[in-house]
2 protein chains.
Amino acid sequence: MALRHAVLTALLEGEASGYQLSKRFDVSVAGFWSATPQQLYRELERLEEEGLLRARLIEQRRRPNKRAFTITAAGRRQLHEFTAQPTRPAALRDDLLVKVQAVDVGDRDAVREALATRLEHAQGKLALYDRLHENMLEGRTEDDYLRDAERIGPYLTLMGGRLYEQLQIDWCEAVLDVLAARVRSDAAPRNQERGAGRTRRP
Amino acid sequence: MALRHAVLTALLEGEASGYQLSKRFDVSVAGFWSATPQQLYRELERLEEEGLLRARLIEQRRRPNKRAFTITAAGRRQLHEFTAQPTRPAALRDDLLVKVQAVDVGDRDAVREALATRLEHAQGKLALYDRLHENMLEGRTEDDYLRDAERIGPYLTLMGGRLYEQLQIDWCEAVLDVLAARVRSDAAPRNQERGAGRTRRP
DNA sequence: TCCCTATATGCAAGGAGTTGAATAGGTGCA
DNA sequence: TGCACCTATTCAACTCCTTGCATATAGGGA
């Protein structure tokens with residue numbers, strides 16, 4: 001797992017400071033990588049030392065000065081080599097699914113609340129990705145964009161991130177329905193044959 | 001991020017040795033957590049020392065002896081407490097999406113091959129999850145199962161894992177189509193208005 | 001004045017995960 | 001017989017990640 005490649009890739013979008021890069025990781029990279037600011041700053045230093053990035057100091061008024069990083073030709077070459085190396089499986093670790101797996105012995109109300117929170121969060125991310133989508137297209141059709149754009153990588157990963165958030169929404173809603181139906185059937189055992197009929201399927 | 005909770009949860013399915021637990025992590029837990037055998041053995045020892053698991057030695061013929069672990073009441077209590085704690089965001093890190101984000105400067109053929117490999121793998125996982133699904137239902141309808149089963153957590157997470165693999169398939173297919181169309185339009189610039197029409201959307 | 005937020009960055013300690021390597025008992029096949 | 005594979009487990013070194021804390025400049029509000 002190489003944070004360095006995610007950083008190099010994020011810098012393909014253009015020059016950025018450590019702080020700006022951190023913001024990019026909250027947005028365009030969030031769908032497939034995550035890193036703390038501490039990690040990013042350290043990686044930027046390393047990559048600069050290795051000549052894969054170039055730094056320049058920008059003096060600012062009203063804001064602290066900043067150092068902005070640009071990917072070098074050597075950095076691009078390393079990205080090219082990276083794309084030809086064997087690909088690792090995705091690493092996914094999600095507490096929420098552990099909780100759902102354990103829901104039968106856990107605090108069901110708390111799990112439902114966690115699902116509702118995740119649902120809300122996913123809806124926010126989906127809305128953000130839709131805005132990014134529109135910004136990328138700038139009024140063009142997807143077909144036009146994919147045919148004409150110089151770079152399509154960010155568009156393709158945005159679509160992947162979008163699908164992932166939509167999946168989260170669908171699954172959370174379905175699981176909430178199931179758990180609600182179980183609450184009802186637990187509370188009123190005689191009505192077991194009602195309540196399940198309107199449950200969205202996970 | 002707590003591997004310990006994933007282990008405790010996996011042991012809700014019943015007693016297991018380290019090796020069997022590792023197999024469970026390849027199957028029923030794979031959709032939302034991953035861990036190496038080394039990690040698992042170490043965690044089992046720790047959890048046993050803390051009284052959250054109980055171990056017994058099983059002597060076998062023709063196979064090495066094994067130690068089998070069972071979750072204790074204290075372990076169940078800890079799971080219950082865990083379900084009531086704040087939930088962390090999912091941690092996802094996926095080299096393939098880094099590669100796709102960098103595809104414009106990378107080795108496009110290698111990226112396509114990586115996508116095809118991931119697609120194949122996702123299809124295999126989906127087939128596995130479908131078999132697990134059928135085994136769980138044992139001929140019952142989903143509604144019957146969700147209403148009557150004592151434990152539904154594993155079913156709900158299996159459905160989440162299934163959705164995730166389906167998403168991977170859809171996205172890989174779409175991206176492969178887009179990249180193939182770009183290859184064609186790169187090789188024959190005059191045919192740009194053909195080729196894009198049959199592209200699956202990411 | 002203090003707190004909060006934003007931009008901008010850094011240090012340190014500890015834990016979790018990855019990688020490489022290894023051991024043992026057993027079966028099946030060329 | 002040696003190799004490959006399966007079951008079953010362990011040690012060690014290193015890297016990456018998480019958490020806690022901190023600094024500086026600036027603006028706004030109670």
Side-chain angles (χ1 to χ4, degrees), chain A residues 1-8 15-27 29-30 32-50 53 55-69 85-95 98, chain B residues 1-8 15-27 29-30 32-50 53 55-69 85-95 98:
Chain A
M1 286 304 170
L3 172 60
R4 66 168 38 210
H5 299 128
V7 167
L8 288 172
E15 185 184 67
S17 65
Y19 188 82
Q20 285 164 334
L21 184 68
S22 188
K23 295 296 174 191
R24 272 185 210 169
F25 266 70
D26 289 340
V27 180
V29 182
F32 57 94
W33 211 275
S34 62
T36 62
Q38 290 92 319
Q39 281 180 278
L40 293 175
Y41 284 105
R42 199 172 330 136
E43 201 64 52
L44 286 169
E45 290 304 324
R46 279 197 211 110
L47 291 170
E48 191 208 5
E49 279 166 18
E50 294 178 35
L53 301 182
R56 69 179 176 107
L57 180 69
I58 299 184
E59 302 196 319
Q60 303 191 109
R61 302 184 40 180
R62 296 191 169 186
R63 284 178 180 164
N65 297 342
K66 67 186 176 186
R67 290 214 306 152
F69 296 86
Q85 285 158 9
T87 310
R88 299 158 186 274
L92 172 63
R93 294 183 173 95
D94 193 345
D95 269 3
V98 179
Chain B
M1 286 303 170
L3 171 60
R4 68 169 36 213
H5 299 126
V7 167
L8 289 171
E15 183 183 69
S17 65
Y19 187 82
Q20 285 165 333
L21 185 67
S22 187
K23 294 297 173 191
R24 274 186 208 167
F25 266 70
D26 289 340
V27 182
V29 181
F32 57 94
W33 209 274
S34 62
T36 62
Q38 290 92 315
Q39 282 179 276
L40 294 175
Y41 284 105
R42 200 173 328 140
E43 202 61 53
L44 287 169
E45 290 303 327
R46 279 197 210 112
L47 291 170
E48 191 208 6
E49 278 166 19
E50 294 178 33
L53 301 182
R56 68 179 177 112
L57 179 69
I58 299 182
E59 301 195 319
Q60 303 190 109
R61 301 184 41 178
R62 296 188 168 188
R63 283 181 181 157
N65 297 342
K66 68 185 175 186
R67 289 215 306 152
F69 297 85
Q85 285 159 8
T87 310
R88 300 157 185 275
L92 171 63
R93 293 181 172 95
D94 192 348
D95 268 3
V98 179

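Computed from a prediction, not measured in an experiment: that's the story for all the values here. In what follows, every chain begins at residue 1, and chains take the letters A, B, ... in the order their sequences are listed.
A donor-acceptor distance shorter than 3.5 angstrom exists from the side chain of B:Tyr41 to the backbone of B:Tyr19, with no hydrogens or angles considered. Side-chain atoms of A:Asn65 come within 3.5 Å of backbone atoms of A:Gln60 as a donor-acceptor pair (strictly under, hydrogens ignored).
In this structure, A:Leu53 CG and A:Glu45 CD are separated by 9.5 Å, a value rounded to the nearest 0.5 Å. Here the straight-line distance linking atom CG of A:Asp94 with atom CH2 of B:Trp33 works out to 8.0 Å at 0.5 Å rounding.
Between the CZ atom of A:Arg46 and the C1' atom of C:dG10 there is a distance of 14 Å, rounded to whole Å. Following rounding to the nearest Å, B:Leu21 (CG) and D:dT7 (P) show an atom-to-atom distance of 15 Å. Separating the CG atom of B:Asp95 from the P atom of C:dG17 is a distance of 17 Å, rounded to the nearest angstrom. B:Phe25 places its CZ atom 14 Å from the C1' atom of C:dA16, with the value rounded to the nearest Å. Between the OH atom of A:Tyr19 and the P atom of D:dT25 there is a distance of 17 Å, rounded to whole Å. Atom C1' of nucleotide C:dA6 and atom NZ of A:Lys23 are separated by 8 Å, given to the nearest angstrom.
Contacts of B:Ser17 with the nucleic acid, taken as non-hydrogen atoms under 4.0 Å apart, involve only primed sugar atoms and P, OP1 or OP2.
Applying the side chain to side chain donor-acceptor pair (under 3.5 Å) test to A:Arg46 and every residue at least two apart in sequence or in another chain returns A:Glu43. Residues meeting the side chain to side chain donor-acceptor pair (under 3.5 Å) test with B:Arg62, sequence neighbours left out: none. Every residue meeting the side chain to side chain contact (heavy atoms under 4.5 Å, CB included) condition with B:Ala35, not counting sequence neighbours, appears here in chain and number order: B:Leu3, B:Phe25, B:Gln39, B:Leu40. Every side chain to side chain donor-acceptor pair (under 3.5 Å) that B:Glu50 has, sequence neighbours left out, goes to B:Arg4.
Using a 4.0 Å cutoff on non-hydrogen atoms, the parts of residues 36-45 of chain B near DNA chain C are B:Thr36, B:Gln38, B:Gln39, ordered by number. Scanning residues 56-67 of chain B for heavy-atom distances under 4.0 Å to DNA chain D yields B:Gln60, B:Arg63, B:Pro64, B:Asn65, B:Lys66, B:Arg67.
With respect to A:Arg67 and A:Glu48, a salt bridge is recorded, a charged nitrogen being found less than 4.0 Å from a carboxylate O.
Here B:Ser22 does not reach the OP1 or OP2 of D:dA8: none of its side-chain N or O atoms lies under 4.0 Å away. Between A:Arg88 and C:dT18 there is no side-chain N or O to OP1 or OP2 distance below 4.0 Å.
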